[in-house]
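Everything on this sheet refers to the single structure shown next.
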Amino acid sequence: MYKIVVDRAHALVKIEMEGMLSVAQADALVGELIAKITAARLDRYALILDVSRCPVQAQDMIAAMGGHLTKMRNAHALGIVTGTMLVRMQVRRIFDQPFTRFTATYDEARAWVLSGIEPTARAVPPGGIAVAS
């Protein structure tokens with residue numbers, strides 16, 4: 001499941017994803033995303049992709065999503081909110097643009113895409129290892 005919200009005033013597009021997505025759902029998401037960006041008449045925009053409520057996805061869906069989203073030429077900043085380390089590692093393989101940052105929270109992603117504030121490293125969990133962005 002997914003939800004796309006366009007904030008025209010800030011030229012900001014937010015995609016929230018949840019659960020497992022199929023290739024067909026990824027294709028539908030991108031079609032809806034393009035339609036909403038076009039309807040909002042955004043020449044340039046910042047994008048937040050929140051996958052914090054997603055498990056590791058099937059490789060064919062990740063390949064499809066990467067094939068679509070990495071070609072979105074008018075995005076000037078991308079913040080990806082991740083949940084687990086495995087999800088972060090999975091999406092990091094396809095989103096390698098220099099304007100992309102991986103964050104632990106929506107607020108960090110928003111600060112990055114709207115103000116250029118670099119996300120901080122996650123706090124070290126008790127007995128754990130720090131997770132850098």
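With sequence neighbours excluded, the residues forming a side-chain contact (heavy atoms from CB on, under 4.5 Å) with His76 are Arg44, Ala46, listed by chain and number. Partners of Ser52 under the side-chain contact (heavy atoms from CB on, under 4.5 Å) rule, at least two apart in sequence or in another chain, are Asp50, Val81. Listed by chain and residue number, Tyr45 satisfy the side-chain contact (heavy atoms from CB on, under 4.5 Å) test with Asn74 (two or more places apart in sequence, or in another chain). Annotation: side-chain contact (heavy atoms from CB on, under 4.5 Å) contacts of Ala111 (sequence neighbours excluded): Ile117. For Asp7, the side chain to side chain donor-acceptor pair (under 3.5 Å) partners are His10, not counting sequence neighbours. Residues satisfying the salt bridge (Lys or Arg N to Asp or Glu O under 4.0 Å) test with Arg53, not counting sequence neighbours, are Glu16, Glu18.
The same ILVMFWY cluster, assembled from side-chain heavy atoms under 4.5 Å apart, contains both Leu29 and Ile62. Under the 4.5 Å side-chain heavy-atom criterion for ILVMFWY residues, a single connected hydrophobic cluster contains both Ile4 and Ile80. Following chains of ILVMFWY side-chain contacts shorter than 4.5 Å, one can reach Ile94 starting from Val56, so the two form part of one hydrophobic cluster. Both Val51 and Phe102 are assigned to one and the same hydrophobic cluster, defined by single-linkage of ILVMFWY side chains at heavy-atom distances under 4.5 Å. Val6 and Val113 fall into different hydrophobic clusters, where Ile, Leu, Val, Met, Phe, Trp and Tyr are joined by side-chain heavy atoms under 4.5 Å apart, directly or via other members.
Minimum interatomic distance between Arg101 and Pro119 (heavy atoms only, all atoms of both residues): CB-CG, 3.8 Å. Of all heavy-atom pairs spanning Pro55 and Val87, the tightest one is C-CG2, 3.7 Å. Of all non-hydrogen atoms in Tyr2 and Gln25, the two that sit nearest each other are CE2-O, 3.9 Å. The minimum heavy-atom distance between Ala26 and Met65, with the atom names listed, is CB-CE, 3.9 Å.
Each salt bridge (Lys or Arg N to Asp or Glu O under 4.0 Å) pair with one or both residues in residues 24-42, not counting sequence neighbours, appears once here: Glu32-Lys36.
Tested against Leu49, the residues Val13, Ile15, Thr82 include a single side-chain contact (heavy atoms from CB on, under 4.5 Å) partner, Ile15.
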Could you please spell out the steps behind the side chain to side chain contact (heavy atoms under 4.5 Å, CB included) verdict for Gln59 and Gln90? CA-CA 9 Å; Gln59 289 304 310; Gln90 186 177 46; 3.1 Å; yes

For Leu33 and Ile37: C-alpha separation, side-chain torsions, deciding distance, then whether side chain to side chain contact (heavy atoms under 4.5 Å, CB included) applies. CA-CA 6 Å; Leu33 176 63; Ile37 290 170; 3.7 Å; yes

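Applying the 6.0 Å contact sphere to CG of Asp96 captures more than 12 heavy atoms from other residues, nucleotides or ligands. The environment of CE in Met20 is crowded: more than 12 heavy-atom neighbours from other residues, nucleotides or ligands sit within 6.0 Å.
In this structure a side-chain-to-backbone donor-acceptor pair under 3.5 Å is present from Arg88 to Thr103. Between the side chain of Glu108 and the backbone N or O of Glu118 there is no donor-acceptor pair closer than 3.5 Å. Side-chain atoms of Arg8 come within 3.5 Å of backbone atoms of Ala40 as a donor-acceptor pair (strictly under, hydrogens ignored). At distances below 3.5 Å, at least one donor-acceptor pair connects side-chain atoms of Trp112 with backbone N or O atoms of Phe99.
Rounding to the nearest 0.5 Å gives a distance of 9.5 Å between OG1 of Thr84 and CE of Met89. From Leu12, atom CG reaches atom CD1 of Ile48 across 4.5 Å, with rounding to the nearest 0.5 Å. With values rounded to the nearest 0.5 angstrom, Leu21 atom CG is found 9.5 Å from Met1 atom CE.
The side-chain heavy atoms of His68 and Ile34, taken from C-beta on, include no pair separated by under 4.5 Å.
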